[in-house]
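Notes for the one structure printed next.
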Amino acid sequence: PQDTITYTITAQNGSGCTDEATFFVDFLSAPTLNLSASNSAICPGGNTTLSVSGSANTYLWSPSSSLNSNTGSVVNATPSISTQYKVIGTDVNGCKDSSYTTINIHPSPILSVNGMNTICEGDTTILSVSGANTYIWSPSTGLDTTAGNTVSVNPSLTQVYTVIGTDLNSCEGVIDYTVSVLQNPNVLISVSEDSICVGDIAILTANGASSYTWTASASLNTNTGNIVSAAPTATTTYSVLGTALNGCASTSFITVNVNPLPILLASPNIATICEGEDVSINSTGAQSYIWSPAVGLNTTQASSVIANPITILRIYIAFKYSCNH
């Protein structure tokens with residue numbers, strides 16, 4: 001029956017006598033169920049609350065594997081894939097009804113990071129990430145910012161960065177990206193003499209790298225190699241860029257001081273004497289002196305000498321300055 005009804009049965013025997021009986025059927029309506037979800041689509045690993053109301057007295061949920069409980073009017077669902085949930089409600093009369101709802105799973109965003117994954121000490125690289133809507137980077141070490149799809153990276157040591165990207169559905173994706181930091185060479189320069197006179201040569205030697213490039217090449221015999229000859233006419237600072245086998249480079253500096261030549265004067269510059277006479281010659285402008293030739297001189301090492309030549313004689317003075325030349 002579709003409603004409450006009384007059935008009547010009439011019976012007749014062989015003699016034609018009849019009798020009847022009645023049977024009353026009370027029709028009870030099924031309970032009404034109202035099923036709802038706090039979120040009908042969630043991110044992987046997320047959860048949603050399922051609630052049912054109506055005229056039922058008890059409830060039984062399925063499938064129960066992703067529910068915190070399979071009974072009660074409110075349950076918590078954490079499905080890993082899109083799932084249809086069913087609830088059966090039973091009222092006090094034992095009548096039942098069922099209702100269904102489907103919880104869909106949004107896919108997590110797939111992130112991709114582009115940029116140099118190997119740099120030298122002190123260098124900076126730009127990393128960019130795509131695949132989501134907003135991004136958070138960590139740790140902050142060596143980063144100019146921790147938010148955004150593009151960051152400037154300058155770590156002092158090899159660093160693993162983690163990026164969390166959130167899409168328009170508020171779902172998150174995670175990716176790790178390693179920036180390896182290569183060591184710069186320790187370039188050292190030595191010099192044969194750090195103080196020379198004009199016209200002299202200093203030998204510069206570089207160590208610590210694989211190849212070398214020198215600056216101030218105008219006064220160098222070459223601008224490559226670990227050993228070069230420097231003949232500066234004035235005090236000059238040289239730099240060498242040393243490059244290691246890993247491609248990293250560093251620069252070192254050294255200064256070669258150039259001392260000016262002394263201005264040497266002799267007095268008198270020209271002297272005329274008679275045979276058998278002598279003349280005193282004085283020299284200024286240096287610290288020590290050597291005269292030549294020694295013929296007719298009372299000494300060859302003094303600022304002043306007495307000359308008593310027997311013929312015309314040209315005397316040369318060598319000087320000794322602070323650079324020992």
Side-chain angles (χ1 to χ4, degrees), residues 115-127 142 144 152-159 179-266 269 283-294 300-303 314-325:
M116 295 180 61
N117 57 9
T118 302
I119 63 174
C120 298
E121 289 178 291
D123 287 351
T124 298
T125 186
I126 302 298
L127 302 182
D144 65 332
S152 177
V153 183
N154 180 26
S156 57
L157 298 172
T158 295
Q159 181 68 57
V179 177
S180 300
V181 180
L182 302 180
Q183 186 176 8
N184 290 331
N186 182 25
V187 179
L188 301 175
I189 305 177
S190 60
V191 60
S192 59
E193 292 183 82
D194 60 4
S195 183
I196 63 173
C197 295
V198 174
D200 287 345
I201 293 176
I203 304 300
L204 308 180
T205 303
N207 291 290
S210 178
S211 61
Y212 306 88
T213 301
W214 300 78
T215 61
S217 58
S219 56
L220 297 175
N221 67 324
T222 179
N223 66 343
T224 60
N226 72 312
I227 299 177
V228 295
S229 297
T233 58
T235 295
T236 302
T237 297
Y238 296 93
S239 67
V240 62
L241 177 69
T243 304
L245 292 175
N246 61 12
C248 295
S250 61
T251 301
S252 186
F253 300 87
I254 195 167
T255 298
V256 176
N257 297 301
V258 178
N259 296 313
L261 296 177
I263 300 175
L264 191 63
L265 299 175
N269 189 27
S283 179
T284 60
Q287 293 178 339
S288 61
Y289 307 86
I290 297 177
W291 299 74
S292 65
T300 58
Q301 298 182 11
S303 60
R314 184 179 298 273
I315 302 173
Y316 297 91
I317 310 171
F319 55 87
K320 186 178 183 182
Y321 198 51
S322 60
C323 51
N324 297 324
H325 289 287

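The analysis underlying the following values was restricted to heavy atoms, covering all of them including side chains, and did not include hydrogens, waters or symmetry mates.
In this structure, OG in Ser252 is found 6.0 Å from CG in Leu188, a value given to the nearest 0.5 Å. Taken to the nearest 0.5 Å, the OG1 atom of Thr215 stands 9.5 Å off from the CG atom of Asn223. How far OG1 of Thr118 is from CG of Asp123: 11.5 Å, rounded to the nearest 0.5 Å. Between Thr300 atom OG1 and Ile290 atom CD1 the span is 7.0 Å, to the nearest 0.5 Å. Expressed to the nearest 0.5 Å, how far CD1 of Ile227 lies from CD1 of Ile203 amounts to 8.0 Å. Between the CD1 atom of Ile126 and the CG atom of Asn154 there is a distance of 10.0 Å, given to the nearest 0.5 Å.
Using a 4.5 Å heavy-atom threshold, the side chains of Asn221 and Val228 count as touching. Using a 4.5 Å heavy-atom threshold, the side chains of Leu261 and Cys197 count as touching. Residues Asn259 and Ser195 meet the side-chain proximity criterion, which asks for heavy atoms closer than 4.5 Å. Looking at heavy atoms from C-beta onward, Ile119 lies in side-chain contact with Pro155 at the 4.5 angstrom threshold.
Nearest approach of Ser303 to Trp291, heavy atoms of both residues: O-CZ2, 3.7 Å. Listed here is the closest heavy atom pair of Thr125 and Met116: OG1-CB, 3.3 Å. The two atoms that bring Ala202 and Val191 nearest to each other are CB-CG2, 3.9 Å, heavy atoms only. Shortest non-hydrogen contact noted between Gly242 and Val187 is CA-CG2, 3.8 Å. Closest of all the heavy-atom pairs between Thr158 and Ser180 is OG1-CA, 3.5 Å. Here the closest heavy-atom approach between residue Pro185 and residue Ala209 is recorded as CB-CB, 4.2 Å.
In this structure a side-chain-to-backbone donor-acceptor pair under 3.5 Å is missing from Trp214 to Thr222. Between the side chain of Ser219 and the backbone N or O of Ala231, no donor-acceptor pair lies under 3.5 Å.
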Please walk me through it: do Thr233 and Val258 pass side chain to side chain contact (heavy atoms under 4.5 Å, CB included)? CA-CA 7 Å; Thr233 58; Val258 178; 5.9 Å; no
Go through Val181 and Ser156 one step at a time and tell me if the side chain to side chain contact (heavy atoms under 4.5 Å, CB included) criterion holds. CA-CA 7 Å; Val181 180; Ser156 57; over 6 Å; no
Show the numbers, then the answer: is there a side chain to side chain contact (heavy atoms under 4.5 Å, CB included) between Leu265 and Thr284? CA-CA 5 Å; Leu265 299 175; Thr284 60; 3.7 Å; yes
Tyr212 vs Ile189, side chain to side chain contact (heavy atoms under 4.5 Å, CB included): CA-CA, chis, key distance, verdict: CA-CA 11 Å; Tyr212 306 88; Ile189 305 177; over 6 Å; no
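Identified under the side chain to side chain donor-acceptor pair (under 3.5 Å) test for residues 241-250, with sequence neighbours left out: none.
Side chains of Thr124 and Ser152: a donor-acceptor N/O pair is absent below 3.5 angstrom, by distance only.
Ala230 pairs by the side chain to side chain contact (heavy atoms under 4.5 Å, CB included) definition with Leu204, Leu220, Pro232, Tyr238, not counting sequence neighbours.
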